[in-house]
Amino acid sequence: LPKSRPSYEDFRAQKLQSAGNATNERVNATFVTLARNSDIWDIAKSIRTVEDRFNRNYNYDWVFLNDNDFDDDFKKLTTSLVSGTTHYGRIPKDHWSYPEWIDQDKAKEAREEMDRKKIIYGGSESYRHMCRYESGFFFRHPLMMNYEYYWRVEPSIELFCDISTDPFRFMKENGKKYSFVISLYEYYETIPTLWDSVKKFMNNHPEHIPKENAMDFISEDGGETYNKCHFWSNFEIGSLEWLRSKEYIDYFSSLDQDGGFFYERWGDAPVHSIAAAIMLKKEQIHFFNEIAYYHVPFTHCPIEEQTRLDLRCHCKPEENFDWKGYSCTNRWFKVNKMEKPEGWDKND
Ligand code: GDP
Ligand code: MN
């Protein structure tokens, strides 16, 4: 980082110089967004924040996926905002529909019951297809096949700090496969039998479960029960090759067979998180403290003042979620014997 702030003239010159012409070498990676045409203005905000804080210096590609065709308005606006190359893909029908072994009447009854109980998205059919798609399919869409890493971006997110080093490069050079900025407890009603399903998978595939995994993050009793901790998957930077590996596909297929994406409301966040925690080595999972992030209703904001000044952050440290009671990041630090930042105990 420059020691003093560049002048407006310097800044403008630098920006003109880098426009449409990456000044930094890229790794083989892309942003990826699942969206509907109606998400246009909310995704525009997200793209703007990602470009301003990072991608204008790198010009990484951006892949947009949809269960329908994107319309021209969506494509024009997003292409104008993204500094890299944009790609638009339609999701194949069989990746966004019921597998033949699902009893659709039973699924409908489950939705009605969860709707009566006022469980968030409990009555929604499309939300379930979305969660199943993000859990098992986005990384094998033809447009994604040539990339090694992805960064998932949802509508209406915010980034609050400059991203001064390329997170994709960091992942690649350090052998990281999955990363997060916010973690929390899952709403039990959405996943009552998920852990049974995971245990069945682990029994059938002990060869996929390395001893050095992060089981301690998601279980307090060595894997007997799930403590509901998960990484919040609306932000993810991860390895596509890991998601396309035999281990991950065996895991997803086994869970999918059990039907909980439809008979319950399994989210892609616990599904990805559990996979990472049981099948990766602990050190392959990374917490990006420097990526300050908001997705309604939670914020990750570095509480270290020097970090915030160096990275020109504009988030309020009091809003940082990491050390609040409903966050699991405390547990992540504990099981990894990581040192918490000064003042963490005053930040809850
Ligand atoms: P939440 O963050 O859990 O409240 O869920 P969102 O409404 O943000 O949905 C998660 C992601 O999936 C976002 O990127 C949405 O744009 C996308 N999404 C949700 N439902 C659909 C859908 O039916 N079709 C498409 N194409 N995208 C969807
Ligand atoms: Mn969202």
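Numbering starts at 1 and runs along the sequence shown. For ligands, and for the atoms within them, numbers begin at 1 and follow the listed sequence. None of these values were measured; they are calculated from a predicted model. Heavy-atom basis, side chains included; hydrogens, waters and symmetry copies ignored.
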Quiz prompt | Within-shell test, Thr33 vs ligand 1, heavy atom, strictly < 4.0 Å | solution =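 No, that is not the case, since the closest heavy atom of the residue is not under 4.0 Å from the ligand.
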Quiz item: With hydrophobic residues grouped by side-chain heavy-atom distances under 4.5 Å, do Tyr150 and Ile249 end up in a single group?
Solution: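 Yes, Tyr150 connects to Ile249 through the hydrophobic network.
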Quiz item: Do the side chains of Ile285 and Trp151 join up, straight or via other hydrophobic residues, at under 4.5 Å, putting them in one cluster?
Solution: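 Each belongs to a different hydrophobic cluster.
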Tell me, which protein residue and heavy-atom name are nearest [atom], and how many Å apart are they?
atom: atom 1 (P) of ligand 1; result: Tyr121 OH, 3.6 Å
atom: atom 3 (O) of ligand 1; result: Tyr127 OH, 2.5 Å
atom: atom 24 (N) of ligand 1; result: Asp67 OD1, 2.8 Å
atom: atom 14 (O) of ligand 1; result: Leu34 O, 2.6 Å
atom: atom 20 (N) of ligand 1; result: Arg36 NH1, 3.3 Å
atom: atom 9 (O) of ligand 1; result: Met130 CE, 3.7 Å
atom: atom 10 (C) of ligand 1; result: Glu154 OE2, 3.2 Å

Quiz item: For ligand 1, is any non-hydrogen atom under 4.0 Å from Asp39's backbone (N, CA, C, O), its side chain (CB onward), both, or neither?
Solution: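 The answer is the side chain.
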Self-check item: Which segment of Trp96 sits under 4.0 Å of ligand 1 when only heavy atoms are counted
Solution: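 It is the side chain that touches ligand 1; the backbone stays farther off.
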Numbering as shown, the atoms of ligand 1 that approach [X] to under 4.0 Å (heavy-atom distance):
X: Pro155; value: 13 (C), 14 (O), 16 (O)
X: His295; value: 2 (O)
X: Asn66; value: 26 (N)

Exercise. State whether the SG distance for the cysteine pair Cys315/Cys301 is less than 2.5 Å.
Key: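 Answer is yes, sulfur atoms closer than 2.5 Å.
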Practice problem: Kindly check if Cys229 and Cys328 bring their SG atoms closer than 2.5 angstrom. | Solution: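 The sulfur gammas are closer than 2.5 Å, so yes.
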Quiz item: Within 45° of the ring axis of Tyr149 and under 6.0 Å from its six-membered ring centre, is that where the NZ or CZ of Lys172 lies?
Solution: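 Checked: cation-pi criterion not met.
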Self-check item: Check: Tyr133 and His95 side chains under 4.5 Å, non-hydrogen atoms
Solution: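 Counting from C-beta outward, His95 and Tyr133 do come under 4.5 Å.
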Quiz item: Where do Glu134 and Arg152 land on the salt bridge (Lys or Arg N to Asp or Glu O under 4.0 Å) test, with the steps shown first?
Solution: CA-CA 10 Å; Glu134 293 286 22; Arg152 173 169 167 183; 3.6 Å; yes
Quiz item: Among Tyr178, Phe231, Trp332, Phe180, which residue meets the ring-ring contact (aromatic ring centres under 6.0 Å, His included) test with Phe287?
Solution: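 Exactly one option meets the ring-ring contact (aromatic ring centres under 6.0 Å, His included) with Phe287, and it is Phe180.
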Quiz prompt | At the Mn ion (ligand 2): angle between Glu154 atom OE1 and His295 atom NE2, to 10 degrees | solution =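 If I round to 10°, I get 100°.
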Quiz prompt | Least distance between heavy atoms, Tyr251 atom then Val271 atom | solution =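 Minimum heavy-atom separation between Tyr251 and Val271: OH-O, 2.7 Å.
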